[in-house]
Amino acid sequence: MFKHLQQYAGDPIFGLNDAFHRNTHPRKINLTIGLYYDEAGRIPILPSVAAVERRLVDDPAPRVYLPMEGLQGYRDAVQRVVFGADSQAVAEGRVATIQTLGGTGALKVGADFLKGAYPDSEVWISDPAWDNHHAIFGGAGFPTRSYPYYDPATKGLAFDAMMECLRGLPSRTIVLLHPCCHNPTGVDLSREQWEEVIAVLGERGLIPFLDIAYQGLGDGMEEDAYAVRAMAQAGLTVLVANSFSKNLSVYGERCGGLSVVCGSESEADLVLGQLKAVVRRIYSSAPWHGGHVVAGVLNDAKLYAQWLDEVAGMRERIAQMRRMVHEQLTAKLPGYDSAYFLRQRGMFTYSGLSQEQLLALRERHGVYIIDSGRIAVPGLNSSNVEHFTDALADVVSVVTH
Ligand code: LMR
């Protein structure tokens with residue numbers, strides 16, 4: 001019955017992550033997937049998370065189904081973290097929020113919801129993109145297109161080209177944007193640039209869909225949410241997919257949220273109903289355990305403060321690795337401009353390395369970077385960063401000299 005099907009080529013990120021685990025190089029380094037590793041190369045269990053998990057074990061509760069929209073305390077926490085404690089849109093009851101299966105689940109629910117509301121729209125995604133954006137929106141039945149984003153010449157933002165493209169889009173076009181820590185480039189907009197984008201989104205009647213999976217790992221928990229809050233403040237109708245996978249280190253618990261900022265409380269009620277309907281027909285309800293863990297941390301003043309410190313620790317370690325790479329490459333490869341390691345934000349850096357260089361890194365040095373040249377910086381630590389910069393210096397000098 002199924003012999004006619006095509007072989008799945010595998011996911012470019014998960015596939016290489018698997019290949020890394022099969023490699024036997026003694027000094028191999030995994031810079032493939034967007035996972036935060038600590039200084040010892042481990043995926044941390046945050047003490048704030050462990051504290052809530054202990055409570056859940058000591059005082060066990062029945063694992064009932066959560067409501068389709070998720071746990072109330074979780075949804076309130078999503079709104080506080082993403083929109084800020086003083087959000088006017090939240091206070092006015094204009095934000096419909098649900099608990100989702102990670103950020104990916106939020107994108108999928110949002111995509112299906114939008115397909116019902118605006119079936120003829122196109123979805124425009126940054127070039128380059130997190131590959132799954134095209135897959136998720138394409139899978140929901142939307143044609144997907146790309147707007148200019150990254151300029152390889154400067155390893156920065158192609159802002160003028162991006163704006164020109166956005167200005168030409170028809171009303172009700174869906175525009176996928178990353179408020180911070182752009183995946184895959186690490187190239188973010190400045191606040192002034194966001195203001196210009198917001199003006200065009202409003203003028204053209206576009207529908208922004210914000211994907212914020214790395215909040216807190218760029219400049220700070222509040223700072224990273226600037227674009228989300230500025231759009232809500234500007235009165236735009238906006239969808240926001242957020243993830244706690246990285247900033248709470250709860251990847252496999254699948255903890256995310258989807259929020260839709262609406263024009264009024266009654267519109268938000270309508271939207272919430274449609275989001276529940278989408279959830280019911282895909283997976284019925286979100287996970288109990290992850291929901292209670294996240295809500296437990298974010299709704300306890302002491303644990304919340306502790307968590308902010310834990311996230312700051314992750315953020316500072318990433319920044320420290322960026323500085324170390326830059327410093328070492330400046331010494332090892334004087335002709336190579338590695339300042340992009342300092343300029344780009346969050347977990348990812350877009351290296352512009354060629355396929356030949358990436359292959360040489362894997363085969364000669366056991367350094368795994370995905371084919372786009374995106375480097376997941378938290379795979380580095382003070383024990384392996386020398387090996388990384390030696391390897392990079394080797395492949396860059398072989399190919400350029
Ligand atoms: C990544 O981009 O590496 C992460 O967001 C993990 C994923 O799901 O691809």
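All residue numbers in this chain count up from 1 along the given sequence. Quantities reported herein were computed from a predicted structural model and do not represent experimental measurements. As the structure lists them, so they are numbered: ligands from 1, and atoms in each ligand from 1.
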Any side-chain heavy-atom pair of Ile174 and Glu122 under 4.5 Å: no
Heavy-atom check, side chain of Tyr368 versus side chain of Ile29, under 4.5 Å: no
Face-on cation placement of Arg374 at Tyr350 ring, 6.0 Å and 45° thresholds: no
First-shell residues of ligand 1 [heavy atom, distance under 4.0 Å]: Ile13, Phe14, Ile33, Gly34, Trp130, Asn183, Tyr214, Lys246, Arg374
Enumerate, atom names and distances included, each donor-acceptor pair closer than 3.5 Å involving a side-chain atom of residues 274-281, sequence neighbours excluded.
unit_1 : atom_1 : unit_2 : atom_2 : d
Arg280 : NH1    : Ser284 : OG     : 2.5

Sequence neighbours excluded, every pair satisfying salt bridge (charged side-chain N to carboxylate O under 4.0 Å, His left out) that has a member inside residues 179-201: none
Within residues 237-246 or reaching into it, pairs that qualify as salt bridge (charged side-chain N to carboxylate O under 4.0 Å, His left out) - sequence neighbours excluded: none
